[in-house]
Amino acid sequence: MDLSSINPVLLVASLMITATPLLLAALGELVVERAGVLNLGVEGMMITGAVCGFIITVETGSPWMGFLLAAVAGAVLSMLFALLTQVFLANQVASGLALTLFGLGLSALLGREYVGIKPPSTPKLDLGPLADLPIIGRAFFSHDIIVYFALAMTVAIWFFLQRTRAGLTLRAVGENHDAAHALGYKVVLIRFAAIAFGGAMAGLGGAYISLVRVPQWTEGMTAGIGWIALALVVFASWKPGRVVLGAYLFGGVGVLQLNLQAAGVSIPVEYLASAPYVVTIIALVIMSKDRSGAPASLGRPFHASS
Amino acid sequence: MLKIEKRASPSKTWNWAAPIMAVALTMIVGGALFGLLGVNPFQAIAKIFYEPLFGEYAFYYRPQLMIKAAPLVLIAIGLSMGFRAGIWNIGAEGQYIMGALSGAGLALALYPMELPILLPLMVIAGALGGMLWGLIPGYLKVKFGTNEILVSLMLVYVAEQILASMALGLMKNPEGMGFPGSRNLQQYPSAHNAEIFAGSGMHWGVAAALIAVIFAYVMLTRHMFGFQLRLSGIAPRAAKFAGVDPGRMILICMGLSGALAGMAGLFEIAGPAGQVSIDFNVGYGFTAIIVAFLGRLNPIGILLAGLLLAITYVGGEITQSQMGLPLAAIQLFQGMLLFFLLAMDMLTNYRFRRSTKEAV
């Protein structure tokens, strides 16, 4: 075992990359849940985004087209869920599961001929002198734009939810949809928009996995990241700031176990590989006592009866 | 204008018509999808649904149906109990793996001793392994209020890692010349879950699935626990007043569904699969969720739904080898089925009414 082979600077740099898909998907789901909808289809939307982003990037040579269309694909898929739960008033848990099963099948089908291809690389954002700083430059300022986009989205979502009228409306719908409806807000429409946003963010996160983090396409490659993102929202008590904290924490566990594997620690690889899932469970246990942050209407169907 | 109105109680007719319509819709849309993939849709649908049952080689496919349906039905029966009470165990895949590992581990530890009661002991070990794995999310939910959906799902990934570790390490065949995977239990007579009637595909897992269906039916319709289960799902508050302990309900449902999934895993690993290998689990635990819903959480319905999904598995393999239809298309087909079912269920719980003009 040689722990000195782990370079802390590279560790932080890869942590930021590992955390980004989680952060994107969890932020999207946070907005959905703040609107009172529980979409368990994150994993399905992520993997669909991963495969669509990959295919588009390989075919067009442009990662930006790939990311854009991955977000579109995630949003389109999420509309199936929205249709089921908001129009057909189906059970949200079952519909979310259906979305995941459907997305896994769809992505396997679409990605058949793209296994083993290397995608064009995503360019790094040129931050000029910042990237040249010793240590900090390599760790924090030498990434692609999506990493910073995810962080910027955190601030934007916090601002939207806490400081804008539209955000207040969205939260009202999530806390008490009957009252929001009585006030004349279009509950179903607002929820449709929130679900679409969640889908787009999950799709983007998925594409980040297949285009930057891995980068390759293999069947089922999201390997539970969508589910960890769902746990992350609970962990963060539905607060954007804490989502970042959680995503970097979970990302850290993922990166650390990979580094320990590479360093040849005497713990079997399989047990290290299950660390992110075990840590998720532990985090859920610790955070579940306090459910005060949960939107009151979360998961309840809404039907305007008058 | 048409108006949607909630029914006072779910429609009995639509409760059973919805799955049938969902299957029909899935065939139409799925057929269109197969058409897009360059396969003759009518031929593909006919092959998937006709060939395994009545085709030229049905004598070969019918036993396959039993083998595929048994774990699906066994797992779905367990899941349906929890789903009825609003307890969502979606980690059956993990419980299936842990059951298989517990039972196979027992057999491998005793190899090559021939014991007449080895298989029954393995079944018990399998049930216990699955039960314990299922009780983890149950216990955490009761004790800490954690979400059982997320915990049971996380444990699937942990179980997969344990399976890989076992196949490559502890349970690896010492005479396997370095290849991953355990000894083949099919070649260990005491541990082999052999067919009860040779060539029928009917191994002990099929028998267990049928027994589970009967037990579940009696329990739901004739036993106090079945009543409490249904009550907890429909009216949790009323159930509490009636003296139902929600914590106990969660533990029973998670333990029971875990035990059944564990048994399903054991029957598979001691029979059709034969050995502990990295790719032992093929997603029965997830497909069983579709089976439970399609079967209306009703034991008889689950039996039929399990057979239908088994047909799509076997039919999918036929279309793959004969028409080049990718296997992933079948997975998509199964997901679509659940989508349509959930959509059609609106007709079970709501009805359309022509809205009359109201005086202002």
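Below, chain A is the first sequence line, B the second, and so on; all start at residue 1.
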With a 4.5 angstrom heavy-atom cut-off, which part of [X] approaches chain B: side chain, backbone, both or neither?
{"X": "S95(A)", "answer": "both"}
{"X": "V93(A)", "answer": "side chain"}
{"X": "I286(A)", "answer": "neither"}
{"X": "L109(A)", "answer": "both"}

(message) Would you say CG of L170(B) has more than 12 non-hydrogen atoms from neighbouring residues, nucleotides or ligands within 6.0 angstrom?
(response) no

(request) Pull out the residues in residues 216-224 of chain A that come under 4.5 Å of chain B, heavy atom to heavy atom, sorted by number. (result) A223(A), G224(A)

(message) When you compare the side chains of N349(B) and R7(B), does any donor N or O come within less than 3.5 Å of an acceptor on the partner?
(response)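 No.
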
Sort out for me which of [options] touches chain B most, counting heavy-atom pairs under 4.5 Å.
{"options": "G44(A), A108(A), A98(A), A275(A)", "value": "A98(A)"}
{"options": "L106(A), L80(A), L110(A)", "value": "L106(A)"}
{"options": "L40(A), L99(A), L83(A), T100(A)", "value": "L99(A)"}
{"options": "L97(A), V278(A), T85(A)", "value": "L97(A)"}

(message) side chain to side chain donor-acceptor pair (under 3.5 Å) for N89(B) and E148(B)? Distances and angles first, verdict last.
(response) CA-CA 7 Å; N89(B) 174 12; E148(B) 78 281 15; over 6 Å; no

(request) Could you tell me the separation between the CG atom of L153(B) and the CG atom of L230(A), rounded to the nearest 0.5 Å? (result)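 Atom-to-atom, L153(B):CG and L230(A):CG are 9.5 Å apart.
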
(request) Report the option among F293(B), F333(B), F339(B), W88(B) that has the most heavy-atom pairs separated by less than 4.5 Å from atoms of chain A. (result)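 Max contact count across the listed options: F339(B).
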
(request) Heavy atoms only, distances under 4.5 angstrom: which of M344(B), Q161(B), Q331(B) has the most pairs with chain A? Name it, please. (result)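 Most heavy-atom pairs under 4.5 Å with chain A: Q161(B).
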
(request) May I ask you to decide if the ring planes of Y157(B) and Y277(A) are parallel, tilted or perpendicular, using 30° and 60° as cut-offs? (result) parallel

